Amino acid sequence: MTLTQEAPVVTTTVVRRKPRSRDGWATAIMVAPATVLYIVMLIIPVGLALYLSLTDWDGFSANPAFVGAANYVNLLDDPELRRAALVTLLVAAAGTAGLNLLGLGFALLVNGVSRANTFFRIVLFYPHVLSALVVGFLWSAILGTTGAVNNLVTTWGGEVLPFLSDPTWATITMIAVLVWAGFGVNVVLYLAGLQAVPHSLIEAARIDGATRWQVFRNVTLPALGPSVTVNIVLSLVTLLKTYDLVVSLTAGGPAGQTQTVAYLILWNSFHDARLGFGSAQSVLLMLVTAALAFVVTRLRRRGELAVHQ
């Protein structure tokens with residue numbers, strides 16, 4: 001007796017896809033405005049800066065003289081650039097620390113739904129609405145040699161305080177004003193991060209007997225990792241290209257001691273009519289900013305991964 005088994009019948013269905021040409025054209029049309037804007041506002045200016053950095057151009061002559069890498073070689077022997085680089089790094093490091101510490105601190109204070117917190121959020125963010133030039137002129141009128149503070153001090157028999165006339169004081173004053181004018185943005189970003197922290201984790205930690213500091217250190221701060229990374233990178237990039245507040249607050253003084261790299265680029269390019277040399281400085285600043293932002297982001301990501309493991 002033999003047993004026979006029929007093989008299963010396999011049926012295949014051919015699915016015909018509709019042509020995606022229309023979807024491709026629709027995507028291209030929607031992306032086109034942003035792509036054009038990106039090319040016009042970023043790619044072309046960067047390419048033009050790279051070209052001008054290889055020339056000796058005063059900004060007026062019709063044919064810039066090509067000098068190759070001479071501008072970059074001169075950068076290495078420029079004492080003003082070295083001094084401006086040190087000032088810029090100091091401003092970026094101290095300012096980033098101040099912006100984030102104040103931003104996180106005030107975000108924790110106004111992290112709640114109430115009319116008072118809404119009012120204080122507006123007050124904290126308001127300095128960022130003002131133009132940096134206006135902020136510089138405002139604090140110059142307050143802290144200058146003949147400003148409001150020194151007028152009060154001399155009226156009471158004291159000596160004039162060198163907020164803007166002494167190199168050390170002027171640098172500290174400039175950093176403090178930068179932090180005052182910008183930490184409102186950090187408050188907003190940290191508030192967004194705090195609202196994303198799972199409330200159940202905080203309640204569980206409190207039930208287990210954790211103190212407020214322990215809850216913040218072990219629950220809130222690790223959850224704020226992405227917000228901390230974004231705030232540090234944005235603060236660092238913004239401070240590295242500081243120039244407008246320098247113009248209105250100290251004008252690079254006293255004796256050029258508060259010149260930042262961005263301020264020096266504008267001075268060399270337009271005041272001294274050395275647009276080629278200024279372009280080389282701007283290319284260098286762009287590369288350093290990108291490198292620092294990349295390094296900080298990688299270090300912060302490693303720290304976040306280490307915390308979650």
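The first residue of the sequence shown is numbered 1, and numbering continues consecutively from there. Keep in mind that what you see is a predicted model, and the values were worked out from it rather than measured.
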Which value, rounded to the nearest 0.5 Å, describes the distance between T154 atom OG1 and N151 atom CG?
-> 5.0 Å

Partners meeting side-chain hydrogen bond (donor to acceptor under 3.5 Å, both in side chains) with T258 (sequence neighbours left out) | T250

Hits for side-chain contact (heavy atoms from CB on, under 4.5 Å) against I207, two or more places apart or cross-chain, chain-then-number order -> none

Rounded to the nearest 0.5 Å, what's the gap from CZ on F125 to CZ on F106? Could you check?
-> 15.5 Å

Checking T96 side chain against A93 main chain: does a donor-acceptor pair fall under 3.5 Å?
-> no

CG of L81 to CG of L284, rounded to nearest 0.5 Å, is 6.5 Å

Is there a path from I232 to L101 through hydrophobic residues (I, L, V, M, F, W, Y) whose side chains come within less than 4.5 Å of each other?
-> no

After noting the C-alpha distance and the side-chain angles of D58 and L275, does the key distance pass the side-chain contact (heavy atoms from CB on, under 4.5 Å) rule?
-> CA-CA 5 Å; D58 58 3; L275 211 61; over 6 Å; no

Expected output: side-chain T289 to main-chain V237 donor-acceptor under 3.5 Å | no

Could you list the donor-acceptor pairs under 3.5 angstrom formed between side-chain atoms of residues 173-189 and any protein atom two or more places apart in sequence or on another chain?
from	atom 1	to	atom 2	distance (Å)
T173	OG1	F163	O	3.1
T173	OG1	W169	O	2.7
N186	ND2	N231	OD1	3.0
N186	ND2	S235	OG	3.2

Between L54 and V46, is there a shared hydrophobic cluster once you connect ILVMFWY residues whose side-chain heavy atoms come closer than 4.5 Å?
-> yes

Indicate if L143 and W156 have the same hydrophobic cluster label, given that clusters are the connected sets of ILVMFWY residues with side-chain heavy-atom separations under 4.5 angstrom.
-> no

Looking only at heavy atoms, which two atoms of S248 and S140 are closest? And how far apart?
-> O-CB, 4.0 Å

Please round to the nearest 0.5 Å and tell me the distance separating atom CG of L299 and atom CZ of F294.
-> 9.5 Å

By side-chain contact (heavy atoms from CB on, under 4.5 Å) - contacts of F119 (at least two apart) | V123

For residues 259-273, which residue pairs qualify under side chain to side chain donor-acceptor pair (under 3.5 Å), counting only residues two or more places apart or in two chains?
-> N268-Q281

Is there a side-chain contact between L224 and S227, using heavy atoms and a 4.5 Å cut-off?
-> yes

Qualifying side chain to side chain donor-acceptor pair (under 3.5 Å) pairs with a residue from residues 97-117, counting only residues at least two apart or across chains = N100-Y190, S114-N117

Show every donor-acceptor pair shorter than 3.5 Å between a side-chain atom in residues 127-136 and any protein atom, with sequence neighbours excluded, or say none if there are none.
from	atom 1	to	atom 2	distance (Å)
S131	OG	L133	N	3.3

Heavy-atom distance under 4.5 Å between the side chains of D166 and P254, does that happen here?
-> no

Which atom pairs, donor and acceptor, lie under 3.5 Å between side-chain atoms of residues 238-245 and protein residues at least two apart or in another chain?
from	atom 1	to	atom 2	distance (Å)
T238	OG1	L234	O	2.8
T242	OG1	L239	O	2.8

Residues passing the ring pair (Phe, Tyr, Trp, His ring centres under 6.0 Å) test with W213, sequence neighbours excluded, are F216

Evaluate side-chain contact (heavy atoms from CB on, under 4.5 Å) for L75 paired with F277, printing each intermediate quantity in order.
-> CA-CA 8 Å; L75 289 178; F277 187 66; 3.5 Å; yes

Would you give the length of the straight line joining atom NE2 of H199 to atom CG of L194, rounded to the nearest 0.5 angstrom?
-> 13.0 Å

Donor-acceptor contact present, side-chain N150 to main-chain L161, <3.5 Å = yes

Check whether any side-chain N or O of S61 sits under 3.5 Å from a backbone N or O of P64 as a donor-acceptor pair, and report yes or no.
-> no

Applied to residues 68-79, the side chain to side chain donor-acceptor pair (under 3.5 Å) test, sequence neighbours excluded, yields S53-Y72

Can you get from F66 to F60 by hopping between Ile, Leu, Val, Met, Phe, Trp and Tyr side chains that sit under 4.5 Å apart?
-> no

Who else is in the cluster with M41 when I, L, V, M, F, W and Y are joined by side-chain contacts under 4.5 Å?
-> V36, L37, V40

Salt bridge (charged side-chain N to carboxylate O under 4.0 Å, His left out) pairs, two or more places apart, involving residues 194-218 | E203-R206

Gap between atom OG of S282 and atom CG of L264 - 0.5 Å precision | 11.5 Å

Closest approach of T145 and S165, non-hydrogen atoms and distance?
-> OG1-CB, 4.4 Å

R121 versus V110, closest heavy-atom pair with distance = NH2-O, 3.0 Å

Answer yes or no: is there a side-chain heavy-atom contact under 4.5 Å between V153 and V160?
-> no

Is V288 linked to V73 within one hydrophobic cluster, defined over Ile, Leu, Val, Met, Phe, Trp and Tyr using a side-chain heavy-atom separation of less than 4.5 Å?
-> no

Does the side chain of I172 reach to within under 4.5 Å of the side chain of T168, using non-hydrogen atoms?
-> yes

